[in-house]
A.B. asks: 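Before I ask anything, let me first share the structure, which is written out below as structure tokens.
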Protein chains: 2
Amino acid sequence: MVTLAEVARHAGVSASTVSYVLSGKRSISAPTRERVEQSIKELGYHPNAGARALASSRSNIIALMVPLRTDMYVPVMMEVAIAVATTARAHGYDVLLLTGEEGPAAVRRVTGSGLADAMILMDVELEDERLPLLRDARQPTVLIGLPADTVGLTCVDLDFTATGALCAEHLAQLGHREIAVVGEAPAVYERHTGFAVRTLEGLRGRARELGLRLLHRPCEGSYESMAGALARIFDERPGTTGFVVQNEAAIDPLLSLLRRQGRAVPEDISVVAVCPDQVAAQASVRLTSVAIPAEEMGRRAVELVVAKLEGRGADEVTLLAPELTVRASSGPAPHTAP
Amino acid sequence: MVTLAEVARHAGVSASTVSYVLSGKRSISAPTRERVEQSIKELGYHPNAGARALASSRSNIIALMVPLRTDMYVPVMMEVAIAVATTARAHGYDVLLLTGEEGPAAVRRVTGSGLADAMILMDVELEDERLPLLRDARQPTVLIGLPADTVGLTCVDLDFTATGALCAEHLAQLGHREIAVVGEAPAVYERHTGFAVRTLEGLRGRARELGLRLLHRPCEGSYESMAGALARIFDERPGTTGFVVQNEAAIDPLLSLLRRQGRAVPEDISVVAVCPDQVAAQASVRLTSVAIPAEEMGRRAVELVVAKLEGRGADEVTLLAPELTVRASSGPAPHTAP
DNA sequence: CCAGATAGTCGAAGCGCTTCAACTGGCTTT
DNA sequence: AAAGCCAGTTGAAGCGCTTCGACTATCTGG
């Protein structure tokens with residue numbers, strides 16, 4: 001193991017000079033800098049992370065807490081995680097991967113040990129038990145998702161309320177009056193996951209304003225559960241012509257089932273999904289959808305947390321405006337018998 | 001920040017005693033231990049990670065390099081990552097998430113800085129440029145996946161050759177003679193990804209032995225590309241009755257298309273997939289499949305790497321035996337006109 | 001031509017922990 | 001009763017780095 005001291009000796013300077021060359025916190029003459037850099041290269045020197053962390057009380061690590069569950073939005077999670085890792089590296093940070101498993105204990109461990117300089121939490125619940133701990137942690141934190149009370153917190157999320165509203169508007173504009181919402185699995189609602197609840201609120205609110213009839217049915221991602229939900233929907237509201245799909249796992253089953261029942265998309269039934277663009281574009285019918293901007297959420301979260309680490313930036317809630325892309329799964333409502 | 005020294009003072013013992021209580025590396029009398037533990041609790045002490053790393057030259061961190069690309073097997077990646085994180089925690093390690101983006105540089109950074117005690121690499125290519133670096137790194141490494149040359153390396157992977165063979169056997173046993181393989185996207189092969197190549201080799205080898213005719217067609221996950229591939233398959237080999245699907249994104253499109261063409265599964269066409277059990281069970285037809293044991297691969301990788309860290313365990317290649325589960329998508333080959 | 005600023009470098013004091021050698025006092029062993 | 005051993009505890013020496021204050025040499029403006 002090559003140490004700073006050895007580099008210093010090799011370059012004929014003091015240890016502090018080498019340190020300042022590395023950090024740039026003091027000016028160093030060009031010849032000295034070059035000599036030091038040359039020595040670093042020749043010796044193959046790499047600063048020791050532990051020693052650095054101890055001396056500077058900065059680890060250059062950002063902790064990312066991802067949900068343990070894989071009952072929803074796995075691709076979204078993965079995309080966020082990768083965006084976080086990539087963006088963090090671009091700012092000189094590494095990413096520590098924590099699963100939700102430990103819950104609040106993980107937060108305590110990280111904040112207490114100085115393992116990470118900052119934290120990013122995903123899959124925040126409306127009344128998340130980790131929040132009180134964050135409020136008086138030394139480390140700045142950014143949430144991806146929106147809890148019920150955001151006072152003193154920095155959050156990034158898609159504006160799911162607006163997303164719901166946007167879906168309702170799109171279908172209303174096309175003349176649809178009876179809308180079914182294929183929701184997330186019941187467990188997701190029971191967990192008080194913000195985005196699921198908010199999307200529904202947005203849908204309901206706008207539907208009321210526009211005079212739409214709305215029927216919400218939770219749905220596991222499987223084919224069977226979608227079949228069951230669909231049967232109940234048409235049973236209860238035979239006039240349904242518009243679907244909003246919130247659960248991306250339900251998309252393929254829904255399209256399959258509709259086709260099998262002889263209902264054409266978009267001629268008889270219009271479908272709007274809330275999912276990443278890639279998923280929407282790959283389905284058997286190219287789906288009209290509101291994109292979930294996973295990459296942007298991850299990137300923004302890192303940028304916000306880095307800003308806080310550098311003393312810039314304050315607490316704020318960043319809601320990304322939803323964008324609806326019209327593809328091949330939505331069209332004018334069919335004329336029904338008068 | 002509470003330090004070890006403060007705990008020692010509070011408990012009326014020396015710092016080293018507190019350290020030994022924490023690490024258990026020396027025997028401590030019960031009364032002393034209790035007093036120290038009490039002080040730790042009262043003061044809310046958490047050992048400082050940086051100081052620990054510096055003094056012990058162990059960071060208690062395992063680095064996990066995941067592929068940057070999301071062109072395949074996202075759920076598998078995610079499941080592996082979560083299993084790694086969970087298992088690592090159970091052994092007292094945290095996980096550092098690295099993306100493939102930096103390539104060999106990331107390996108150098110981690111091994112050089114002592115940021116992590118060990119590494120786990122996913123998505124290893126047959127001639128991976130990171131391998132030479134690993135061979136003489138201080139940190140033990142485990143690969144998930146199999147490079148061409150495994151000398152001096154520890155690897156865990158599903159036995160994809162056997163997997164391919166198993167699929168061929170299953171279909172042969174049911175009387176199928178003409179088999180089509182829906183492969184990964186061409187980019188995956190160009191990248192020399194081991195599992196894709198090996199699966200194919202296993203299929204080809206066994207097919208030859210059993211007298212099956214095999215047709216391999218790469219396929220992006222999209223509906224369009226599956227439609228194209230399928231058309232070409234039936235065009236070239238109208239007698240095809242068995243399908244092996246390697247690309248999990250192609251599963252739903254394939255089933256949809258077959259149904260639309262009036263080909264019944266499993267009456268006319270049998271389908272065997274290589275994918276996680278959850279995916280197989282959720283498809284519109286419950287799929288006969290060989291499971292990709294993502295959780296087990298992640299768990300094993302951590303166990304192997306921890307064993308190496310503790311001086312147990314040596315270099316070895318662990319190939320998990322494939323298991324084929326018969327579900328509703330495969331059945332006897334239809335009797336064709338003589 | 002000198003006071004004061006500025007650039008460039010260094011020495012030394014830690015950062016909070018682990019671990020080694022050494023010590024103490026009570027036991028067992030012969 | 002002397003020798004040896006063991007459990008339990010301690011002091012001190014770092015681990016490799018950052019950073020503060022101090023020092024020297026070179027400029028700058030009045």
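Within every chain, numbering begins at 1; the chains are lettered A, B, ... in the order of the sequence lines, protein sequences first and strands thereafter. Keep in mind the model is a prediction, meaning the values are calculated, not measured.
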A.B. asks: Using the salt bridge (charged side-chain N to carboxylate O under 4.0 Å, His left out) definition, which of the options B:Arg108, B:Arg109, B:Arg130 pairs with B:Glu102?
C.D. replies: B:Arg109

A.B. asks: Just do the side chain to side chain contact (heavy atoms under 4.5 Å, CB included) check on A:Ile62 and A:Leu64 with the steps written out, would you?
C.D. replies: CA-CA 6 Å; A:Ile62 296 173; A:Leu64 174 68; 5.8 Å; no

A.B. asks: Counting only N and O atoms by type, is there a donor-acceptor contact under 3.5 Å from the side chain of B:Thr99 to the main-chain atoms of A:Thr86?
C.D. replies: no

A.B. asks: Regarding A:Arg89 and B:Glu101, does a basic nitrogen lie under 4.0 Å from an acidic carboxylate oxygen?
C.D. replies: no

A.B. asks: Looking at DNA chain D, which of residues 28-39 of chain B put a heavy atom within less than 4.0 Å of it?
C.D. replies: B:Ile28, B:Ser29, B:Thr32

A.B. asks: Applying side chain to side chain contact (heavy atoms under 4.5 Å, CB included) between B:Pro67 and each of B:Thr193, B:Val74, B:Asp123, report the one that passes.
C.D. replies: B:Asp123

A.B. asks: Would you indicate, yes or no, if C:dA7 has its OP1 or OP2 atom less than 4.0 angstrom from a side-chain nitrogen or oxygen of A:Ser27?
C.D. replies: no

A.B. asks: Identify the residue among A:Ile120, A:Thr154, A:Leu143 that makes a side chain to side chain contact (heavy atoms under 4.5 Å, CB included) with A:Leu304.
C.D. replies: A:Thr154

A.B. asks: Just list the side-chain donor-acceptor pairs under 3.5 Å for residues 20-31 of chain B, sequence neighbours left out, or say none.
C.D. replies:
| from | atom 1 | to | atom 2 | distance (Å) |
| --- | --- | --- | --- | --- |
| B:Ser23 | OG | B:Ser19 | O | 3.3 |
| B:Ser23 | OG | B:Lys25 | N | 3.3 |
| B:Ser29 | OG | B:Thr32 | OG1 | 2.8 |

A.B. asks: What does the B/S/- profile of nucleotides 14-19 of chain D look like, 5' to 3', with a 4.0 Å heavy-atom cutoff to protein?
C.D. replies: BBBBBB

A.B. asks: Going by heavy atoms in the side chains, are A:Val306 and A:Thr87 under 4.5 Å from each other?
C.D. replies: no

